[in-house]
2 protein chains.
Amino acid sequence: MASKSSKSSPRPKTRDRILQTALALFNEEGEAEVSTVEIAAVLDISPGNLYYHFKGKDAIIEGLFDDFEEEIRQVLTAPIAKPLAVEDNWIYLYIIFEEIHDFRFFYNALPTLLDRCPSLQPRFRRLMALKQDVAKAILISLQKAGVLAISQTGVDLLAERIALQITYWIQYCSLKDPNRKEAALIHEGVFSILSQLTPWLGEDGIAYATLLEEFYESRNA
Amino acid sequence: MASKSSKSSPRPKTRDRILQTALALFNEEGEAEVSTVEIAAVLDISPGNLYYHFKGKDAIIEGLFDDFEEEIRQVLTAPIAKPLAVEDNWIYLYIIFEEIHDFRFFYNALPTLLDRCPSLQPRFRRLMALKQDVAKAILISLQKAGVLAISQTGVDLLAERIALQITYWIQYCSLKDPNRKEAALIHEGVFSILSQLTPWLGEDGIAYATLLEEFYESRNA
DNA sequence: GTCTATATTAGGATAGAC
DNA sequence: GTCTATCCTAATATAGAC
């Protein structure tokens with residue numbers, strides 16, 4: 001019942017090519033600025049053909065969301081295993097950011113998009129909640145391990161702020177500087193989020209901050 | 001050279017009624033979903049009349065931005081006077097949030113809107129930078145006063161996170177729960193932002209946290 | 001599955017009378 | 001300043017041949 005965009009069939013399937021091209025165009029120009037005709041033109045197929053595969057633009061958007069949801073769920077449901085040290089969670093942030101970047105057209109007009117495709121509303125909301133829950137779970141495990149000296153309500157607030165920052169970091173940075181390279185942008189986002197934990201680390205805070213800055217600089221040259 | 005939407009002339013001026021109605025509709029349904037014809041219909045004037053006052057929808061948007069920019073600048077350029085204690089800055093947060101809420105249609109599709117109205121791009125970017133600069137200035141004065149135990153780069157990071165959170169808080173909360181009342185939403189946003197300062201307050205942190213929660217509860221009944 | 005052709009609609013925008 | 005009437009354009013969507 002979900003979309004099979006993976007390696008089930010041999011041929012280059014038009015349906016998948018449509019999704020792929022639509023995604024690229026949406027991300028570049030914004031979903032609102034891209035018409036079905038344009039997608040078809042880029043693919044060098046007829047609009048009629050496109051409509052054979054998708055009932056319309058909304059169906060394409062839903063198809064793309066299927067992919068996004070699947071990938072993001074994989075990331076979010078996997079890592080609830082080993083929190084280790086604070087700095088070991090950065091890899092998940094990276095992956096989430098990359099996922100969001102890949103589907104950034106979606107995040108660039110969330111309210112508009114969700115009320116044009118009401119079926120996506122609950123699904124997106126569940127993803128947001130899941131993201132925040134995972135953040136909270138990680139924070140709590142760090143708290144219980146004595147790494148984070150933070151109160152219970154502090155955890156809730158922090159988890160929410162982190163979830164918000166993850167959601168909008170890429171858009172915010174792109175607004176400030178549209179020419180920013182993806183890698184640098186994501187790297188800085190991870191750094192910004194992790195650096196937020198510093199003041200709750202007590203004595204280890206200084207060491208952590210140093211470590212974090214080294215990590216940050218390491219990719220900045 | 002700016003828009004005169006204030007009390008300069010006696011009559012109820014159609015131009016202003018257009019702006020006012022457009023703003024209400026944009027906020028409710030999203031800018032993309034509102035046509036010039038619809039605006040005219042709600043106002044009970046003809047589309048032709050609307051086009052007499054504004055070259056088109058983009059001109060209306062720019063007119064609204066003029067108002068927004070003016071108001072937000074007033075707030076942001078005024079307060080650089082007395083930072084006092086941490087908790088005294090909450091009033092500015094309130095006002096900024098209300099301003100953003102009043103023009104939320106704009107924030108709900110920033111990337112799309114800005115590349116449809118390129119003239120607004122540098123203006124909006126300046127506003128974002130100003131917001132972040134003000135946040136930073138306040139944080140620095142608190143730091144210098146010995147209230148905030150935070151490093152120089154810590155201030156930069158914190159100011160950026162705060163600016164981001166201000167920008168997107170309302171949208172984020174509305175996505176989670178569309179029925180949330182404006183007042184509660186803003187109140188919680190102010191609380192969330194201020195609570196972020198707690199861990200840098202050292203010994204006063206506990207007192208501050210308590211004070212903050214009382215402030216939060218006080219409006220929550 | 002894919003094409004060509006075309007129907008349908010709606011939004012943006014203007015001309016000219018009042 | 002305001003209205004009526006109308007045009008233009010572009011996007012969505014479908015029918016029917018290949």
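Just so it is clear: chains get the letters A, B, ... in the order the sequence lines come, proteins before strands, and each one is counted from 1. Source: prediction; values computed, not measured.
The aromatic rings of Y107(A) and F124(A) sit perpendicular to each other, their planes meeting at more than 60°, with 30° as the lower class boundary. Classification of the Y94(A)-F215(A) ring pair by plane angle, with boundaries at 30° and 60°, yields perpendicular.
In this structure, NE2 of H53(B) is placed 6 Å from P of dG1(D), rounded to the nearest angstrom. dA10(C) atom P lies 17 Å from atom CD1 of I39(B), rounded to whole Å. L43(B) places its CG atom 15 Å from the P atom of dG1(D), with the value rounded to the nearest Å. Across the protein-nucleic acid pair, D44(A) atom CG and dC3(C) atom P stand 8 Å apart, rounded to whole Å. R15(A) places its CZ atom 17 Å from the C1' atom of dT2(C), with the value rounded to the nearest Å. For F54(A) and dT14(D), the CZ to C1' distance is 18 Å, given to the nearest whole Å. Note: CD (E38(A)) to C1' (dA11(D)) measures 11 Å, nearest angstrom. Atom pair I18(A):CD1 and dT12(D):C1' shows a separation of 15 Å (rounding to whole Å applied).
Contacts between residues 22-37 of chain B and DNA chain D, defined by a heavy-atom separation under 4.0 Å, are absent.
With respect to D66(B) and R123(B), a salt bridge is recorded, a charged nitrogen being found less than 4.0 Å from a carboxylate O.
Checked by atom type and distance alone, the side chain of N27(B) pairs as donor or acceptor with a backbone atom of F105(B) at under 3.5 Å. In this structure a side-chain-to-backbone donor-acceptor pair under 3.5 Å is missing from R104(A) to I170(A).
Within 4.0 Å of D58(B), counting heavy atoms only, lies no atom of the nucleic acid at all. Contacts of G48(A) with the nucleic acid, taken as non-hydrogen atoms under 4.0 Å apart, include base atoms.
Taking 4.0 angstrom as the limit, Y52(A) places none of its side-chain polar atoms (N or O) nearer than this to OP1 or OP2 of dT2(C). For the OP1/OP2 pair of dA11(D) and a distance below 4.0 Å, the side-chain nitrogens and oxygens of K57(A) include no atom meeting the criterion. Proximity of N49(A) to the phosphate of dC3(C): a side-chain N or O atom is located under 4.0 Å from OP1 or OP2. Proximity of Y51(B) to the phosphate of dA13(C): a side-chain N or O atom is located under 4.0 Å from OP1 or OP2.
Checking dT4(C), dT4(D), dG1(C) against the side-chain heavy atoms of T14(A) singles out dG1(C) as nearest.
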Q.
side-chain hydrogen bond (donor to acceptor under 3.5 Å, both in side chains) for S192(B) and E160(A)? Distances and angles first, verdict last.
A. CA-CA 9 Å; S192(B) 173; E160(A) 185 173 52; 4.8 Å; no
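Side-chain contact, S35(B) with K57(B): no donor N or O sits under 3.5 Å from an acceptor N or O.
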